[in-house]
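I have placed the structure first, in the form of structure tokens, so that the comments after it can refer back to it.
All figures in this text were calculated on a predicted structure; none of them were measured in a lab.
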Amino acid sequence: MSIFIYILITLTVIIFLYYIFLKYSENKINLLEEEIKKLFLERTALIPSVFEISNLFLNKHEDIFHEILNLRKVEFSQSNNNLDLYLILKTKKLIHHEINFIFKICNKHPKLIKEAKFIYLRNLIIQRSDKIWKNIEKYKKDIYYLNKLIFYKNITIIWLLFPIYKKIKI
């Protein structure tokens, strides 16, 4: 009878440690999501500065920035609703494409590309974008790993005890 008790205690400890590890992984992913959202908002917050600096140099300035300013409004409304990263990435991708479009236009203007404030802002936006995509790659790896752990949890009896669900891949 004592062997049965040792086996039961060992299984209980293993299940408890597995649950703690799952929760830790889930919290780590949630923190990474918040970091990515913060970086997206920081990058988007630099757009008005680019708007102001390029105003003196570009023709049809309002037409060039019209779409990205509308997307910023959508992004701020989404950030107030505290949606999942997966749901707001569509808007973030559109903003990213608009930023690329604006920089393609700005880089064709010889006086603007020599402007120190513009160069500084462009570098800040590029740095933020680089951090965002590095974090997204890390996020994808972590999601894959967490979903694999949850799969193993679901094929055992542990799924009855601990309700942890899969995350959507991006």
Side-chain angles (χ1 to χ4, degrees), residues 20-151 163-170:
I20 289 174
F21 188 69
L22 277 173
K23 280 310 244 180
Y24 170 76
S25 297
E26 188 178 44
N27 288 338
K28 182 178 161 185
I29 288 172
N30 290 338
L31 290 173
L32 192 56
E33 271 185 13
E34 293 304 315
E35 176 68 19
I36 291 170
K37 289 177 187 178
K38 184 184 81 141
L39 286 169
F40 272 123
L41 288 174
E42 286 176 3
R43 183 182 70 177
T44 306
L46 296 171
I47 299 301
S49 301
V50 174
F51 179 86
E52 291 299 321
I53 290 171
S54 63
N55 191 20
L56 300 173
F57 300 98
L58 298 176
N59 297 331
K60 298 184 182 180
H61 189 260
E62 282 75 25
D63 294 338
I64 294 169
F65 282 87
H66 176 73
E67 184 65 27
I68 198 160
L69 295 176
N70 288 336
L71 289 171
R72 280 190 75 224
K73 291 177 187 174
V74 172
E75 181 185 36
F76 286 131
S77 68
Q78 288 176 340
S79 67
N80 291 335
N81 292 333
N82 203 15
L83 300 172
D84 285 339
L85 183 64
Y86 177 77
L87 299 173
I88 61 175
L89 269 182
K90 181 179 178 184
T91 306
K92 309 290 187 187
K93 287 180 182 177
L94 291 173
I95 289 173
H96 181 73
H97 291 297
E98 283 298 314
I99 289 172
N100 286 341
F101 168 73
I102 289 169
F103 282 140
K104 284 180 184 177
I105 291 174
C106 290
N107 286 336
K108 290 182 180 180
H109 198 284
K111 290 182 182 176
L112 183 58
I113 61 173
K114 293 178 184 175
E115 181 71 29
K117 292 177 186 175
F118 174 75
I119 293 170
Y120 177 71
L121 285 172
R122 183 181 62 191
N123 289 339
L124 281 178
I125 290 174
I126 290 170
Q127 287 173 357
R128 294 291 189 305
S129 294
D130 188 45
K131 278 185 182 178
I132 288 168
W133 299 117
K134 283 180 183 177
N135 282 345
I136 285 178
E137 288 303 315
K138 185 176 187 222
Y139 179 81
K140 286 179 181 180
K141 289 177 186 174
D142 290 350
I143 288 288
Y144 173 76
Y145 186 64
L146 177 68
N147 286 341
K148 190 182 252 188
L149 290 175
I150 291 173
F151 172 75
I164 297 176
Y165 303 103
K166 285 187 172 185
K167 291 273 194 175
I168 298 174
K169 295 179 187 176
I170 56 173

May I ask you to test the [X]-[Y] pair for a side-chain heavy-atom distance under 4.5 Å?
| X | Y | answer |
| --- | --- | --- |
| Ile119 | Ile113 | no |
| Ile64 | Phe101 | yes |
| Lys111 | Leu56 | no |
| His96 | Trp133 | yes |
| Val50 | Ile125 | yes |
| Tyr144 | Lys148 | yes |

- Task: Could you tell me whether a side-chain N or O of Asn55 sits under 3.5 Å from a main-chain N or O of Phe51, the two making a donor and an acceptor?
- Result: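 Checking the backbone N and O of Phe51 against the side chain of Asn55, no donor-acceptor pair under 3.5 Å is found.
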- Would you check if the side chain of His109 reaches a backbone N or O of Phe57 as a donor-acceptor pair within less than 3.5 Å?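 Here the side-chain-to-backbone pair exists.
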- Query: Just checking, any donor-acceptor pair under 3.5 angstrom between side chains of Glu75 and Thr44?
  - Reply: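 Judged by distance alone, the side chains do pair up.
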- Message: Between Phe103 and Ile99, is the side-chain contact (heavy atoms from CB on, under 4.5 Å) condition met? List the steps.
- Response: CA-CA 6 Å; Phe103 282 140; Ile99 289 172; 3.5 Å; yes
- Would you call Lys38 and Glu42 a salt bridge, taking side-chain N to carboxylate O under 4.0 Å as the test?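 Yes, this pair counts.
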- SB check Lys37 Glu34 (cutoff 4.0 Å):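 Judged by the 4.0 Å cut-off on N to carboxylate O distance, Lys37 and Glu34 do form a salt bridge.
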State the [atom1]-[atom2] distance between [X] and [Y], to the nearest 0.5 angstrom.
| X | Y | atom1 | atom2 | result |
| --- | --- | --- | --- | --- |
| Lys141 | Ile136 | NZ | CD1 | 13.5 Å |
| Leu31 | Ile36 | CG | CD1 | 11.0 Å |
| Ile47 | Ile68 | CD1 | CD1 | 4.0 Å |
| Leu58 | Ile53 | CG | CD1 | 11.5 Å |
| Arg43 | Ile132 | CZ | CD1 | 4.0 Å |
| Lys92 | Leu94 | NZ | CG | 11.5 Å |

- Query: More than 12 foreign heavy atoms under 6.0 Å from CG of Asn59: is that the case here?
  - Reply: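 Count not over threshold, so no.
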- Phe76, CZ atom: more than 12 neighbouring heavy atoms under 6.0 Å: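 Yes, because the 6.0 Å sphere around CZ of Phe76 holds more than 12 heavy atoms from other groups.
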On a heavy-atom basis, which atom in [X] and which in [Y] lie closest, and how many Å separate them?
| X | Y | value |
| --- | --- | --- |
| Leu112 | Phe118 | O-CD2, 3.5 Å |
| Pro48 | Arg72 | CG-NH1, 3.2 Å |
| Leu121 | Leu46 | CD2-CD2, 4.0 Å |

- Item | Sole candidate of Lys134, Lys28, Glu35, Glu33 that passes side-chain hydrogen bond (donor to acceptor under 3.5 Å, both in side chains) when paired with Tyr139 |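 Of the listed residues Lys134, Lys28, Glu35, Glu33, the side-chain hydrogen bond (donor to acceptor under 3.5 Å, both in side chains) partner of Tyr139 is Glu33.
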- Query: Knowing that exactly one of Ile102, Ile105, Asn70 qualifies, which makes a side-chain contact (heavy atoms from CB on, under 4.5 Å) with Phe65?
  - Reply: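 Exactly one candidate clears the test, Ile102.
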- Query: Under the side-chain contact (heavy atoms from CB on, under 4.5 Å) criterion, do Phe21 and Leu146 qualify, and how do the steps go?
  - Reply: CA-CA 10 Å; Phe21 188 69; Leu146 177 68; over 6 Å; no
